[in-house]
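Reading through the structure tokens given below for one structure.
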2 protein chains.
Amino acid sequence: MARTQGSHSGITGPRVRDAALKLFAQHGYAAVSMRQIAREVGVQAGALYNYTPDKQSLLFDLMQTHMTELLAACADMPDGGPPIEALENFTSLHLRFHSERPEEVFIAYMELRNLTPENFTKIEALRRSYEDGLETILRSGVSSGDFEVSDPKIATMAVIAMLTGVNTWFREGGRLSLEEVEQIYWDMVRKAVGA
Amino acid sequence: MARTQGSHSGITGPRVRDAALKLFAQHGYAAVSMRQIAREVGVQAGALYNYTPDKQSLLFDLMQTHMTELLAACADMPDGGPPIEALENFTSLHLRFHSERPEEVFIAYMELRNLTPENFTKIEALRRSYEDGLETILRSGVSSGDFEVSDPKIATMAVIAMLTGVNTWFREGGRLSLEEVEQIYWDMVRKAVGA
DNA sequence: GTTTTAAACGAACGTGTGTTCAGATAATTG
DNA sequence: CAATTATCTGAACACACGTTCGTTTAAAAC
């Protein structure tokens with residue numbers, strides 16, 4: 001018998017999250033209605049409000065979780081080694097982490113303008129923190145003489161843009177494996193910073 | 001006396017375009033209503049339909065015009081020179097052209113998923129044509145031995161992503177002039193392709 | 001087996017959506 | 001000056017929006 005009401009023992013919450021993630025990534029935050037999300041979950045629209053105070057929080061939570069996990073992964077990286085190793089680690093981590101979460105990445109880059117000003121400020125801070133990690137690596141490489149970079153801030157933006165661009169075309173099972181892509185990009189990044 | 005009705009001798013058309021461009025870039029296609037566009041123009045919503053058959057065409061026309069102008073600018077480039085000059089010209093053109101049209105660029109990258117399938121196909125074709133231009137340069141440089149690129153297709157995507165990323169932070173009157181940015185990026189592009 | 005409680009329904013609220021169109025207005029034409 | 005035409009208004013259409021809430025359901029607790 002199909003149980004259409006009553007307790008679902010806490011499985012609906014994650015399903016709401018997943019549905020929002022999928023639909024926001026596919027159609028964009030503004031184009032997705034709460035009723036669409038509810039339909040995807042298999043529930044009426046009103047039931048969503050047991051799991052989120054509003055639509056905006058749904059978006060913000062997705063982005064905040066993503067950025068926090070990204071920073072956590074960064075923090076887990078071995079540090080203290082030579083700058084060139086740090087840069088290789090960063091490149092590898094970025095490509096792996098982002099290729100595993102195409103939907104989160106898409107949302108994190110496309111839906112910034114749909115955040116309320118307060119939420120935008122918080123996400124922006126997390127993003128800047130990520131960029132600072134790379135900039136620190138580049139500056140240390142310049143100091144040590146390993147890198148040849150005229151403007152570390154610009155180089156940071158350039159490298160991140162280049163790496164993030166992979167998500168626009170890379171698909172698992174395509175012409176190249178992730179390992180091959182990593183190799184090719186590391187080669188270009190290394191050359192670009194003069195190492 | 002404020003003239004609120006009657007002919008405006010064909011000045012409203014461009015104003016509708018401009019308003020749509022500005023608002024789509026600022027808030028996103030799905031989040032902007034025809035009434036908002038009308039208010040920006042200083043007209044009632046119904047009057048917009050003297051200038052566009054529907055909202056979708058407004059978006060498509062903006063993107064198509066942008067891509068067509070980009071390709072026209074590419075076609076005007078001097079060709080026949082050595083690959084390294086062609087690549088420098090491409091880099092310079094991309095940065096200049098895109099920095100002059102931040103709103104069009106933003107829309108062209110963010111609103112692809114809000115195009116109808118037929119319109120998407122057309123814009124996609126224009127974009128691929130642009131990418132092919134760069135790929136051709138890279139391949140000729142590989143053939144001539146000027147470039148060291150293991151996968152020209154990937155390198156094409158990487159370079160375009162890197163260059164387009166400039167639009168996320170570059171602002172006229174900021175720390176760096178466009179000429180300085182051009183210099184820095186050309187340096188990185190050149191190194192990245194091993195030239 | 002009864003009571004409690006978490007979870008979902010389903011209707012409703014007020015507002016906004018893209019688009020159409022008959023009627024009003026003012027510039028243009030003859 | 002009169003007739004025409006391009007342009008815009010303002011109301012209307014049917015539907016969708018995010019969100020709230022009284023009610024119903026079924027699992028959990030005792």
Side-chain angles (χ1 to χ4, degrees), chain A residues 1-24 26-62 107 111 113-119, chain B residues 1-24 26-62 107 111 113-119:
Chain A
M1 59 165 182
R3 180 174 52 176
T4 58
Q5 281 189 356
S7 171
H8 278 57
S9 342
I11 64 165
T12 307
R15 279 170 51 82
V16 170
R17 245 189 100 85
D18 293 350
L21 175 69
K22 171 183 165 182
L23 291 172
F24 287 168
Q26 199 162 106
H27 307 292
Y29 174 77
V32 172
S33 72
M34 293 300 269
R35 284 171 179 83
Q36 269 176 75
I37 298 174
R39 195 179 316 130
E40 180 82 17
V41 175
V43 103
Q44 292 292 325
L48 298 180
Y49 290 84
N50 291 321
Y51 304 98
T52 182
D54 46 39
K55 191 187 174 190
Q56 168 73 203
S57 302
L58 225 36
L59 175 62
F60 176 67
D61 286 349
L62 287 172
I107 290 173
E111 304 297 352
R113 61 181 163 188
N114 286 311
L115 291 170
T116 62
E118 313 87 64
N119 286 343
Chain B
M1 61 167 181
R3 181 174 52 178
T4 58
Q5 280 189 353
S7 169
H8 278 55
S9 343
I11 65 166
T12 307
R15 278 169 55 82
V16 169
R17 246 189 101 84
D18 293 350
L21 176 69
K22 172 183 163 182
L23 291 172
F24 288 167
Q26 200 162 105
H27 307 293
Y29 174 78
V32 172
S33 71
M34 293 300 268
R35 284 170 180 82
Q36 267 176 77
I37 298 174
R39 195 180 314 130
E40 179 84 15
V41 175
V43 102
Q44 292 292 325
L48 298 180
Y49 291 83
N50 290 321
Y51 304 97
T52 181
D54 46 39
K55 191 186 176 191
Q56 168 73 202
S57 302
L58 225 37
L59 175 62
F60 176 67
D61 286 351
L62 287 171
I107 291 173
E111 303 297 351
R113 62 183 161 188
N114 287 310
L115 291 170
T116 61
E118 313 89 62
N119 286 344

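Letters A, B, ... are given to chains in the order of the sequence lines, protein chains preceding strands, and every chain is numbered from 1. Below, each value reflects all heavy atoms present in this structure, side chains not excepted, and no hydrogens, waters or symmetry copies.
One atom, NE2 of A:His27, and another, C1' of D:dC17, lie 17 Å apart when rounded to the nearest Å. B:Ile37 has its CD1 atom 17 Å from the P atom of C:dG16, to the nearest Å. Taking atom CG of A:Asn50 as the reference point, atom P of D:dC21 lies 13 Å away to the nearest angstrom. Taking atom CG on A:Leu48 and atom P on C:dC9, their separation rounds to 9 Å, with Å as the unit. Atom pair A:Gln56:CD and D:dT19:C1' shows a separation of 15 Å (rounding to whole Å applied). Atom pair B:Phe24:CZ and C:dG18:C1' shows a separation of 12 Å (rounding to whole Å applied). The separation between B:Lys55 atom NZ and C:dT17 atom P is 9 Å, rounded to whole Å. Computed from coordinates, the B:Ile11 CD1 to D:dA6 C1' distance equals 14 Å when rounded to whole Å.
Distance check, rounded to the nearest 0.5 Å: CG of A:Asp61 to CG of A:Leu21 gives 12.0 Å. With values rounded to the nearest 0.5 angstrom, B:Lys55 atom NZ is found 5.5 Å from B:Phe24 atom CZ. Rounding to the nearest 0.5 angstrom, the gap separating the CD atom in A:Gln44 from the CE atom in A:Met34 is 13.0 Å.
Of the possible donor and acceptor atoms, none in the side chain of B:Glu40 sits under 3.5 Å from a partner among the backbone N and O of B:Ala19. Although no hydrogens or angles enter the test, the distance criterion places a donor-acceptor pair under 3.5 Å between the side chain of A:Tyr29 and the main chain of A:Gln56. With A:Gln36 contributing its side chain and A:Leu23 its backbone, the two residues share no donor-acceptor pair below 3.5 Å.
DNA chain D is contacted by both A:Pro53 and A:Arg39; A:Arg39 maps to the nucleotide lying nearer its 5′ end (nearest heavy atom per residue).
Within 3.5 Å, no donor on the side chain of B:Arg35 pairs with an acceptor on the base of C:dG16, nor the reverse.
Phosphate proximity of C:dA8 to A:Thr12: present, with a side-chain N or O under 4.0 Å from OP1 or OP2. Between B:Ser33 and the phosphate of C:dG16, there is no side-chain N or O to OP1/OP2 separation shorter than 4.0 Å.
Screening A:Val41, A:Val16, A:Val43, A:Leu58 against A:Tyr51 for a side-chain contact (heavy atoms from CB on, under 4.5 Å) leaves a single residue, A:Val16.
A heavy-atom distance below 4.0 Å to DNA chain D is reached by these residues of residues 40-47 of chain B, ordered by number: B:Val43, B:Gln44, B:Gly46, B:Ala47.
Of the candidates D:dC8, C:dA7, D:dT19, the closest approach to any side-chain atom of A:Tyr51 belongs to C:dA7.
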